Each structure stands twice: as C-alpha cells, then as structure tokens.
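What follows is a single structure, written as structure tokens, with notes after it.
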Protein chains: 2
Amino acid sequence: MNALVLSNIKCGECPIRHRAVCSRCEGADLDILEKIKVYRSFKAGEQILWRGEAMDFVASVVHGVATLGKTLEDGRTQMVGLLLPSDFIGRPGRDRVEFDVVAASDVTLCCFERKPFENLLSVTPDLSKRLVEIALDELDAARDWMLLLGRKTAREKIATFIDMLIRRSSVEGLTAPHDALVLPLSREEIANYLGLTLETVSRQLSALKAQGILRFNDRRSFTVLSPDALHDITGNDCLH
Amino acid sequence: MNALVLSNIKCGECPIRHRAVCSRCEGADLDILEKIKVYRSFKAGEQILWRGEAMDFVASVVHGVATLGKTLEDGRTQMVGLLLPSDFIGRPGRDRVEFDVVAASDVTLCCFERKPFENLLSVTPDLSKRLVEIALDELDAARDWMLLLGRKTAREKIATFIDMLIRRSSVEGLTAPHDALVLPLSREEIANYLGLTLETVSRQLSALKAQGILRFNDRRSFTVLSPDALHDITGNDCLH
DNA sequence: CGGCAAACTTGACCCAGATCAAGGAATCGC
DNA sequence: GCGATTCCTTGATCTGGGTCAAGTTTGCCG
C-alpha cells in the first residue's frame with residue numbers, strides 16, 4: 001500500500017479512541033502502540049489493499065469510509081464489509097488480504113506494522129480481548145448481511161441499509177446539518193453492498209422519496225421523514 | 001436446551017481433537033476441560049438452541065451436522081452457517097444466541113458450561129488463541145458466502161456448495177463407500193443455505209446429473225464424475 | 001461561463017428463478 | 001405388505017429485478 005504519511009495525533013486526543021482496537025489499553029501498553037503507529041491517508045477512490053497482496057500492516061479507520069470487496073472471475077463484485085471510523089482492517093495470523101480494500105471517501109488510517117502488533121497482542125490481554133470482540137461483532141454483522149443478501153427484496157435491502165446508517169450515524173459522523181444523513185457511498189457502491197444493480201438502487205430510493213419516507217437535499221444527503229415506516233420496511237423482526 | 005446426556009469419551013480419543021477449540025490444549029488445561037465437559041446428543045430435526053434464548057453452554061460438534069439459521073418476520077429463512085464436526089457453537093461474552101441452531105442429522109455435542117469456560121479462556125492463551133482463529137475463519141467463510149448469496153447464479157451456487165462439500169469431506173466423514181459424497185442436508189435445507197427455493201435446487205442438481213458431472217446413488221449420496229468441470233462452474237477465480 | 005465527463009434517473013423490455021401445481025419415490029408405522 | 005406421510009422431481013406460468021438505452025443533473029476544468 002502506498003499512501004501519504006501524516007504526522008500523528010496523540011492517542012489521548014484520538015476521535016476513535018473509545019471504540020477502536022486500542023480502547024481497552026492504558027498506560028504502558030498505549031505508549032507502545034503510540035510508538036509504533038503511523039498515520040496514512042488515502043484519496044477517495046484509491047485502493048488501500050489488493051486481494052492476495054502481502055499485508056504488512058493492520059490499521060484502524062480514523063476518518064472516512066472504506067469498503068471490503070470480493071470479485072468473481074468475470075468481474076461481478078460484492079461488497080463484504082463497510083469500514084467506518086473505529087473499524088479495524090487486518091487479521092493477525094494471516095499475511096495476505098482476502099479481499100480488496102478501497103477508500104470510498106478520503107480516508108485516514110492509524111497503521112501498525114503487523115509483526116510488532118502481533119507481538120504486542122500476545123502479551124497484552126486488553127488488546128487481544130478487544131480484537132476478539134471486534135471479530136465476533138463483525139461475524140454477527142456478516143450473518144445479518146447474509147440474511148439480507150439471500151432473502152430480502154430490493155425494497156427491504158435499501159430500507160435496511162438506511163436503517164443501519166441511522167443507527168451508526170450517531171457515532172460515526174455521517175450526519176449533515178439539520179439531522180440530515182450523508183450517504184457514504186455512490187449508487188453503484190450501494191448496489192455492490194446490497195447485491196443489486198445501481199439502477200435498482202436508484203429506483204428504490206426514488207420510490208422511498210415518492211412515498212414521503214425520505215427527502216433528498218442533494219444526491220448524497222437526505223432526511224428520514226418517517227423512521228418508523230422505514231423500519232417497518234426492513235423486514236427485521238421485533239427482537240432488536 | 002434439552003437433550004440426552006451421554007457418557008463422555010476421553011479427550012485423548014476424541015475424533016475432533018485435532019481441529020476443535022481444544023486442539024492446542026495439553027496436560028493440565030486439557031484435564032480441566034475434560035472435567036467440565038458434558039456430552040449431549042440430539043435427534044435429527046431437533047432444535048438445539050432458539051434465537052434469543054439464554055446461552056448457558058458453549059460446545060463443539062463431535063458427530064453430525066447442525067445449522068445456524070435466521071428468520072424474517074414473515075417466515076423467510078436464511079441459513080447463515082453449517083456446523084460440521086469440530087465446529088464451535090457459542091460466543092463467549094454474549095449470553096444470548098443470535099440465531100436458531102438445529103440438528104440437521106443426529107448430533108453429538110461436547111458441551112462446556114459457559115461461565116467456567118470463559119474463566120478458563122482468560123487464563124489459557126492456547127484456548128483463546130484457537131478461539132480467535134476459529135472466529136476469524138468463520139468470518140472469512142461468511143464473507144465468501146456473502147459473495148455467493150449476492151452475486152452468484154443458481155448454477156454457480158450449487159456448484160460452489162458441492163465443491164465445498166468435497167473440500168471438507170476429506171476431513172469430516174461426509175463420505176459414503178466408493179468415494180461417494182453424502183449430502184448432509186435436505187433439498188429444502190440446501191435451498192435455505194444458498195438463498196434459493198427447493199425447486200431450483202432440485203432442478204440444478206438434475207441438470208448437473210444430466211450433464212454427466214454428478215451421478216446419484218440415492219437422493220442423499222452421489223459421486224462427482226468431473227470435479228474440474230464442477231469447479232469451473234463455481235465462478236471462483238483462480239487464486240485458491 | 002460553457003463544454004464535457006461522471007453520476008444519477010427513468011423508461012422499455014427480458015429472463016432467471018420464484019411460485020403454483022401435479023405427480024413420483026423413498027420411508028415409516030401398523 | 002400397504003396406506004400415509006414426507007421428500008423430491010418436473011412442468012407451466014409469473015414477476016422482481018436485471019439489462020439496455022436514453023436523458024438529466026451535477027460538478028469540474030479550461
């Protein structure tokens with residue numbers, strides 16, 4: 001991976017400190033992380049990692065949005081993860097990446113060289129515990145997404161996607177002025193995430209607008225006029 | 001969960017010892033596991049865990065096949081995981097199950113009470129390391145399945161499923177005499193796993209038979225006559 | 001500002017796979 | 001052995017979302 005190397009900010013002032021992989025670390029452990037971390041930034045559209053490439057770094061997303069994608073031999077692609085600030089990239093114990101990682105917006109990463117990070121991991125229970133939690137949360141999310149991809153209609157997929165944005169926006173800075181939400185992805189990227197085509201995404205968004213459930217300010221930002229109606233469309237059952 | 005409690009076998013003689021969550025444990029650690037484990041068995045079709053239920057146990061599959069399933073409010077279901085011998089059920093740190101677990105065949109589990117297991121986990125690096133590996137492997141598998149569910153055709157889905165059976169059968173005892181493979185699931189369950197209907201599954205299996213790629217001995221067992229042709233249909237690119 | 005490209009919307013048409021329906025074939029209990 | 005039930009196959013038809021094809025809007029660069 002090639003990217004601009006930035007000057008670091010202090011971990012104590014880091015906006016993702018409370019949720020990232022380092023959130024449980026304090027004192028000496030944090031000092032070590034502080035020492036081995038390097039900030040890197042990527043422009044929107046830049047590829048952060050290629051599938052199959054050697055993975056020398058693991059990283060946390062500090063700012064921006066990145067996507068994890070898989071591709072079939074004929075070029076069809078499916079997004080298998082959306083990385084928002086505080087999400088973790090990389091997998092200790094594996095030295096190659098299993099998918100492409102692309103910056104969907106301008107992205108800043110907090111990178112750790114893999115080897116030192118792995119060494120630290122084996123002597124820092126706070127770090128490895130948090131990493132297990134993160135991996136298991138991702139697994140839950142992946143399974144929810146399997147239900148969406150395998151069984152939901154286009155309408156339900158879009159509603160679920162926006163519902164998820166609402167849930168994460170509170171924490172992640174996906175908001176615009178006046179409670180408006182920002183779509184972190186283009187229509188094509190949303191389609192890739194939902195297992196649809198960009199035309200279907202566009203039509204379903206238009207339909208939600210026509211029904212008075214959404215109001216668009218511009219192509220990338222909108223207001224949810226009826227969160228309850230939206231939630232009803234997701235198809236999720238009541239249990240959370 | 002209600003099930004028959006069986007007499008345990010010794011860990012040293014356990015068929016899944018080399019791959020299960022306990023595979024890295026030796027000596028004293030293994031003795032503790034041996035002491036807190038309880039074998040339970042379930043009949044084909046029995047529900048092992050209900051979604052939302054308190055999860056007092058974690059377990060490894062010793063014999064048989066179980067499924068993880070999610071359901072939408074109107075009853076559509078999607079399988080989100082297939083548990084073969086040595087696979088792990090449960091998530092330390094969570095006290096409720098996120099999905100239904102059902103015995104697809106007669107199943108024997110090696111169960112550990114969750115609390116003692118979690119305690120052991122925090123003092124046994126061999127155990128927690130293996131658990132992280134298992135979680136991350138499952139995450140990889142879930143992401144591969146997202147690609148399948150979101151982008152593959154019915155034909156590619158079936159081919160991928162059988163290709164996966166071939167890969168795991170060597171280890172898992174899914175084989176019948178003369179290199180025949182056993183389908184561990186009914187047509188309906190396969191459909192649930194692949195995001196299809198049972199009719200489509202049946203038609204695609206018939207098509208593979210008609211093309212001379214598969215030969216069926218009976219409904220549940222078959223021989224792959226042309227593994228290469230099958231693999232070509234999966235749509236997976238060359239990189240592994 | 002104006003010309004162009006990228007991103008999006010909308011319409012017309014089509015097709016893979018769902019749905020609906022009608023048998024077969026294996027398995028179970030008696 | 002024989003009904004009955006469950007599981008599977010196959011056919012006919014339908015439809016949601018894909019594909020193809022214009023347009024429209026936005027934003028960018030000279």
Side-chain angles (χ1 to χ4, degrees), chain A residues 43-45 72 74-78 102 104-106 148-161 176 182-211 214-222 233 235, chain B residues 43-46 67 72 74-78 102 104-106 148-161 176 182-211 214-222 233 235:
Chain A
K43 287 274 151 212
L72 294 172
D74 64 359
R76 283 169 287 170
T77 67
Q78 175 65 51
V102 178
S105 65
D106 290 352
L148 175 144
L149 291 172
R151 295 301 183 195
K152 287 189 178 180
T153 64
R155 188 175 164 72
E156 290 167 335
K157 285 176 174 181
I158 293 282
T160 306
F161 175 65
V182 173
L183 284 176
L185 302 175
S186 70
R187 302 293 186 268
E188 185 172 15
E189 288 167 322
I190 296 171
N192 267 339
Y193 198 25
L194 299 176
L196 297 170
T197 59
L198 67 96
E199 292 94 329
T200 299
V201 170
S202 182
R203 275 187 257 269
Q204 294 296 334
L205 287 175
S206 298
L208 289 175
K209 190 172 79 177
Q211 291 177 271
L214 304 181
R215 183 179 49 223
F216 277 82
N217 306 315
D218 62 59
R219 285 169 170 180
R220 285 292 191 112
S221 98
F222 64 97
I233 301 172
Chain B
K43 288 272 152 214
E46 254 188 282
T67 65
L72 294 173
D74 64 359
R76 283 170 287 170
T77 67
Q78 174 65 50
V102 178
S105 65
D106 291 352
L148 175 145
L149 291 172
R151 295 301 183 194
K152 287 190 177 180
T153 64
R155 188 175 163 73
E156 290 168 336
K157 286 176 173 182
I158 293 283
T160 306
F161 175 65
V182 173
L183 283 176
L185 303 175
S186 69
R187 302 292 185 268
E188 185 172 15
E189 289 168 321
I190 296 171
N192 267 337
Y193 198 25
L194 299 177
L196 297 171
T197 59
L198 68 95
E199 293 94 329
T200 299
V201 170
S202 182
R203 275 187 255 269
Q204 293 296 334
L205 286 175
S206 298
L208 289 175
K209 190 172 78 179
Q211 291 177 271
L214 303 180
R215 182 178 49 223
F216 277 83
N217 307 316
D218 63 59
R219 286 168 170 185
R220 287 291 193 112
S221 97
F222 64 96
I233 301 172

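Since we're looking at a predicted model, the values are computed, not measured. Numbers restart at 1 for each chain; the letters A, B, ... are given by sequence-line order, proteins then strands.
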To the nearest Å, how far apart are [X] [atom1] and [N] [atom2]?
{"X": "B:Gln204", "N": "D:dC8", "atom1": "CD", "atom2": "P", "result": "16 Å"}
{"X": "B:Lys209", "N": "D:dC8", "atom1": "NZ", "atom2": "C1'", "result": "11 Å"}
{"X": "A:Ile190", "N": "D:dG17", "atom1": "CD1", "atom2": "P", "result": "16 Å"}
{"X": "A:Asp218", "N": "D:dT25", "atom1": "CG", "atom2": "C1'", "result": "12 Å"}

ask   = Hey, does B:Ser186 reach any base, or is it just sugar-phosphate, or nothing, if we go heavy atoms under 4.0 Å?
value = sugar-phosphate

ask   = With a 4.0 Å cut-off on heavy atoms, is B:Ser206 in touch with a base, just the backbone sugar-phosphate, or nothing at all?
value =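 The residue B:Ser206 makes sugar-phosphate contact but no base contact.
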
key: Interface residues of residues 192-200 of chain A with DNA chain C (non-hydrogen, below 4.0 angstrom)   =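 Those residues whose heavy atoms fall under 4.0 Å from DNA chain C, taken from residues 192-200 of chain A in numerical order, are A:Leu198, A:Glu199.
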
ask   = Do the rings of A:Tyr193 and A:Phe161 sit parallel, tilted or perpendicular, given the 30° and 60° boundaries?
value =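 The rings of A:Tyr193 and A:Phe161 stand perpendicular, inter-plane angle above 60°.
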
message = Between the base of D:dT19 and the side chain of A:Arg203, is there a donor and acceptor pair under 3.5 angstrom?
response =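 Counting by modelled atom types and ignoring angles, a donor-acceptor contact under 3.5 Å is found here.
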
message = Whether the side chain of A:Arg155 and the base of D:dG16 hold a donor-acceptor pair under 3.5 Å is what I'd like checked.
response =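 It does not, because no donor-acceptor pair links the side chain of A:Arg155 to the base of D:dG16 below 3.5 Å.
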
key: Test item: A:Gln78 side-chain N/O and A:Asn192 main-chain N/O as donor-acceptor pair under 3.5 Å   = yes

inquiry  = Would the distance check show the side chain of A:Asp106 and the main-chain N or O of A:Lys43 forming a donor-acceptor pair, the cut-off being under 3.5 Å?
reply    =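 Flag not set: sc A:Asp106 to bb A:Lys43 has no pair under 3.5 Å.
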
To the nearest 0.5 angstrom, please state how far the [atom1] atom of [X] sits from the [atom2] atom of [Y].
{"X": "A:Leu185", "Y": "A:Arg220", "atom1": "CG", "atom2": "CZ", "result": "7.0 Å"}
{"X": "B:Gln204", "Y": "B:Leu194", "atom1": "CD", "atom2": "CG", "result": "10.5 Å"}
{"X": "B:Lys157", "Y": "B:Leu196", "atom1": "NZ", "atom2": "CG", "result": "4.5 Å"}
{"X": "B:Leu148", "Y": "B:Glu156", "atom1": "CG", "atom2": "CD", "result": "8.5 Å"}

ask   = Between A:Arg219 and A:Val201, which is nearer to the 5' end of DNA chain D once each is assigned its nearest nucleotide?
value =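 Between the two, 5'-proximity favours A:Val201.
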
Stepwise side chain to side chain contact (heavy atoms under 4.5 Å, CB included) test for A:Thr153 and B:Arg76 = CA-CA 11 Å; A:Thr153 64; B:Arg76 283 170 287 170; 4.1 Å; yes

ask   = Can you give the first and last nucleotides of DNA chain C, 5' to 3', that have an atom under 4.0 Å from a heavy atom of chain A?
value =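 The contacted stretch runs from C:dA7 to C:dA12.
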
ask   = Of the non-hydrogen atoms in B:Gly195 and B:Leu149, which two are nearest, and what is the gap between them?
value =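 Smallest interatomic distance, heavy atoms only, reads N-CD2, 3.8 Å.
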
